[in-house]
Amino acid sequence: MGKYSKLAEDIIKNVGGKENIIDLKHCITRLRFNLKDESIANDDILKNMDGVITVMKSMGQYMVVIGEHVPHVYTEVCEKIGMKPYGGQEGEEAKEKKSSLFNRVLNVVMGGMGPCLNMICASGIVKGVTTLLTVSGIIKPEDGIYLLLTAIGDAIFFYLPLMLGQNVAKKLEMDPFLGFLIGAIMCYPAINGVDINLFGHVFNATYTGSFLPVVFMIAAAAPLERFFKKYVPDLVSNFIVPVLVLIIVIPIGFVLIGPVANLIGVGINYGMNSLIEVSPLIAGTLLAGFYQVFVLFGVSGVLYMFPFMDLMQGIPSQLMAYTYFACFAQIGVVLAIYLKTKDKKLKSIALPAFISGIFGVTEPAIYGVTLPRIKMFVVSCIGSATAGIVVYFANIMMYTYAGMGVIGLLGLLNPKGPEILPLVIATVVPFVFSFVVAYLTYKDDEVEAKIETKVDGKVEKTGKETVFAPIKGEVAPLKESADAAFACEALGKGIVIKAEEGKVVAPFDGVVRTLFPTKHAIGIASDNGCEMLIHVGYNTVQLEGKYFESFVTQGDTVKKGDLLVSFDINQIKEEGYSIETPVVITNTDNYLDIIETKNKSVEAGEELLTVIH
C-alpha cells in the first residue's frame, strides 16, 4: 500500500465514489475531477481531510487542492478507480456531461498543454542557465557544450506540436500515435516557411513551436478517425484509417485550419496586448494585484494561454512577467504570520506553506494561511501589485518559461544581455512590502483576549453555542486519540468519548450534512452554523456498515436528542475494533475557541462542548 493510498481512498469516497467520476486530471497542486453529479460530493469532509487543503469548483471541474504531493495522490486515485494515469480518456459519459463550449475548448487545450509543463519548465531552466554561463564567459557560443545546452533548451519549443498532438489526441479519445504523427508532419523542415502550391494557391506558414494549429487539426482528425473506424474492416483498419485521416486532414490543415488557428491566436493575443498598451502601468498593476484571485478560482491558466503561445515562438511576454512575482508577496505575508503568531497549529501550516511558496506553489499559503485571514490575503494582493509597478518601470519581460518561484527567475533573463538587478528589485519589493505590512497589522493575541473576556462572563461582546453529547461514555481530550489525524486536530478541535451505549443522538437542532454509507460516521450542522463530525470507532469503515443501523438520511432535519445511528458495541469489539468516538467541530476556524466539558463522563444530551464566536 502506497503512502497516499488511504488519502486516495477517502477522496474517491467523498467525491461520490468511483461511479461518480467521469474523468480525472491534475495540475501542479490540484486533482481536477469531472463528476457526474457534484452535489453528492462531500465538500465539508474533503475540506477538513488531512492531506487536503481545500475544494474549489470552476470551469465545470471539481478541484481537490492537495499541494505539491498531487502527482502521487493522482497516481493512487487512478489505480484505485481503474484509470490509466495520464491516459486522458473520458469515456462516452464525458461527452454527455453538460458544459459550455468555452469550457470544453479550454479543457482540451489545457489537457494538451498540462502534461508538457514540467518538460517545458526543465527546458526553460536550461536556457536560463545557458544564458548565465555565456554572459559570464564560462562557455562560448562556438563551444560544443553550448550547442548541446542550446539543443536541450530549445528542442521542446521547436517540436512542441508533436507533444501537443499526442496529448490532445488522448484527450479526444483518438490514437495518440496518430496525433503525434500529425504534430511531426507540421514540424517537417521541408514544408515550414516555404511556398507550397495547393489547389492553385500558394501557402507559406511555419508551425514549429506553434500552439493552436495542432490543437485544431487534431480536433478535426478525431471525428474523422471515429467515422472511418466504423466502416473500414478490422483486418486493415489499423493502417488504412491513419492513411485516410492524414490525406484529408493535412492538406485541409495547411490550406484552412492552420491559417485560421494562427489568425485566432494572433488576434486574441493582439487584443490582450492592446488592452495592456492603452495603459500599461494600470493594467500591469491590476493584473499583478488580482493574479492570486485568478489562482484562487483556478482560472489563471486562461490568462496565460495566449501569452504562452508567444513564448513558444520565442516572443517575450510582459503580461506573464506582470503576474510572475505574486508568489513573493504571498510568502512575505506567510513569513510575517509565522514569526508573529503564537498559535502552534498555524505555525505548523505556515512554515511548509512558506517553503512551497518560494518555489511558486502558493495554494497551501493561500488556502491554509492568508485566505482564512482575509485581511492578510488582501495585503498579499497589494504586495503583488507593487511588483507590477516595478515590472512596468524596469521593462521586465519573460523570455522563456522556466517554472515558478525562484527557479523561474531564469526565464526572465534576457539572452541578449541579462540584467539581474531589476529582477532582484521585483522580487524583493513585493516580499518586503507584504512582510512589513503583515507583521505590523497581524495580531492573534487579540483573539485570546476576546476568549478571556467571554470566559469572564462578558457575553455581550461575543457569542457562544452549547454542543451536547451525542453518546454516553467517558470523555478524554482529543489529543489523546489513538488516531493521529484526530489527535493532531487536523480535522478540527473536539473531544473523544469512550462509548458505553450504542446510540448516537443529535447534539443540537440542525441538519444531517453527511451520512457515510458505512454509517460509522455522521456529519451534522446546527441551525447556528456549527458543523460536527461524529466518528464511531477507528477503522470501523472496514466493517462496511455491519453492526450499524441509521435512522436518518443525508439532508434530514433533526432536533436535539433525536436518534441518528445505533451500533452493537460488543460485536464491534469482538471484531477487534475500538469504539472510541471522536466528536469534532470541523469548522473550528470559524470560532474563537472550543471549550471542553470538565466532567470525566457524560450522558447523551449533557453539555459536552462550548463554541465561542
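Source: prediction; values computed, not measured.
Here E575 pairs with K546 in a salt bridge; the nearest charged N to carboxylate O distance falls below 4.0 Å. Electrostatic pairing of K171 and D23 counts as a salt bridge here, judged by a charged N lying under 4.0 Å from a carboxylate O. Comment: K600 does not engage E474 in a salt bridge, judged by the lack of any side-chain N to carboxylate O separation of less than 4.0 angstrom. We find that K519 and E549 are not joined by a salt bridge, their nearest charged nitrogen and carboxylate oxygen being 4.0 Å or further apart. D343 and K347 are not joined by a salt bridge, as no carboxylate oxygen comes within less than 4.0 angstrom of a charged side-chain nitrogen.
The shortest non-hydrogen separation linking P430 to T386 is CA-OG1, 3.6 Å. Heavy-atom minimum distance, K340 versus Y442: NZ-O, 2.9 Å. Listed here is the closest heavy atom pair of I569 and E500: CD1-C, 3.6 Å. Contact record, L7 with D50: CD1-O, 3.5 Å, taken as the closest heavy-atom pair. Of all the heavy atoms in F431 and I331, the pair that sits closest is CD1-CG1, 3.8 Å. Here the shortest heavy-atom pairing between V467 and M532 reads CG1-CE, 2.9 Å.
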Residues S5, K80; criterion side-chain hydrogen bond (donor to acceptor under 3.5 Å, both in side chains); working and verdict: CA-CA 9 Å; S5 180; K80 293 180 185 302; 2.8 Å; yes
I585 and E531: CA distance, side-chain angles, deciding distance, side-chain contact (heavy atoms from CB on, under 4.5 Å) verdict: CA-CA 6 Å; I585 306 300; E531 299 175 5; 5.9 Å; no
Check against side-chain hydrogen bond (donor to acceptor under 3.5 Å, both in side chains), D43 and Y62: CA-CA 10 Å; D43 298 1; Y62 188 92; 2.6 Å; yes
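No side-chain donor from either of Y547 and N570 sits under 3.5 Å from a side-chain acceptor of the other. There is a side-chain donor-acceptor pair under 3.5 Å between S39 and D37. Side-chain contact of Q330 with S434: a donor-acceptor pair under 3.5 Å is absent, judged by distance alone. A donor atom on one side chain and an acceptor atom on the other are not found under 3.5 Å apart for T370 and K375. With no hydrogens or angles considered, no side-chain donor-acceptor pair links T610 and E465 at under 3.5 Å.
With rounding to the nearest 0.5 Å, the separation of CG in L35 from CD in Q61 is 10.0 Å. Rounded to the nearest 0.5 angstrom, C78 SG and K25 NZ are separated by 8.5 Å.
Side-chain atoms of H72 never come within 3.5 Å of backbone atoms of Y74 as a donor-acceptor pair (strictly under, hydrogens ignored). Looking at N48, its side chain never comes within 3.5 Å of a backbone N or O of I45 through a donor-acceptor pair. Between the side chain of T586 and the backbone N or O of V584, no donor-acceptor pair lies under 3.5 Å. A donor-acceptor pair is defined here as one N or O able to donate and one able to accept, closer than 3.5 Å; such a pair exists between the side chain of N20 and the backbone of V15. The backbone N or O of L563 lies less than 3.5 Å from no partner atom in the side chain of K503, so there is not a single donor-acceptor pair. A donor-acceptor pair is defined here as one N or O able to donate and one able to accept, closer than 3.5 Å; such a pair exists between the side chain of N587 and the backbone of G529. Although no hydrogens or angles enter the test, the distance criterion places no donor-acceptor pair under 3.5 Å between the side chain of T341 and the main chain of Y338. In this structure, E480 contributes its side chain and P477 its backbone to no donor-acceptor pair below 3.5 Å.
Results of the side-chain contact (heavy atoms from CB on, under 4.5 Å) test with V552 over D562, V511, V504, V512 single out V512 as the only residue that passes.
Annotation: K13, atom NZ; neighbour count of heavy atoms from other residues, nucleotides and ligands within 6.0 Å is above 12.
A cation-pi geometry, defined here as NZ or CZ lying under 6.0 Å from the six-membered ring centre and within 45° of its normal, does not hold between K560 and F508.
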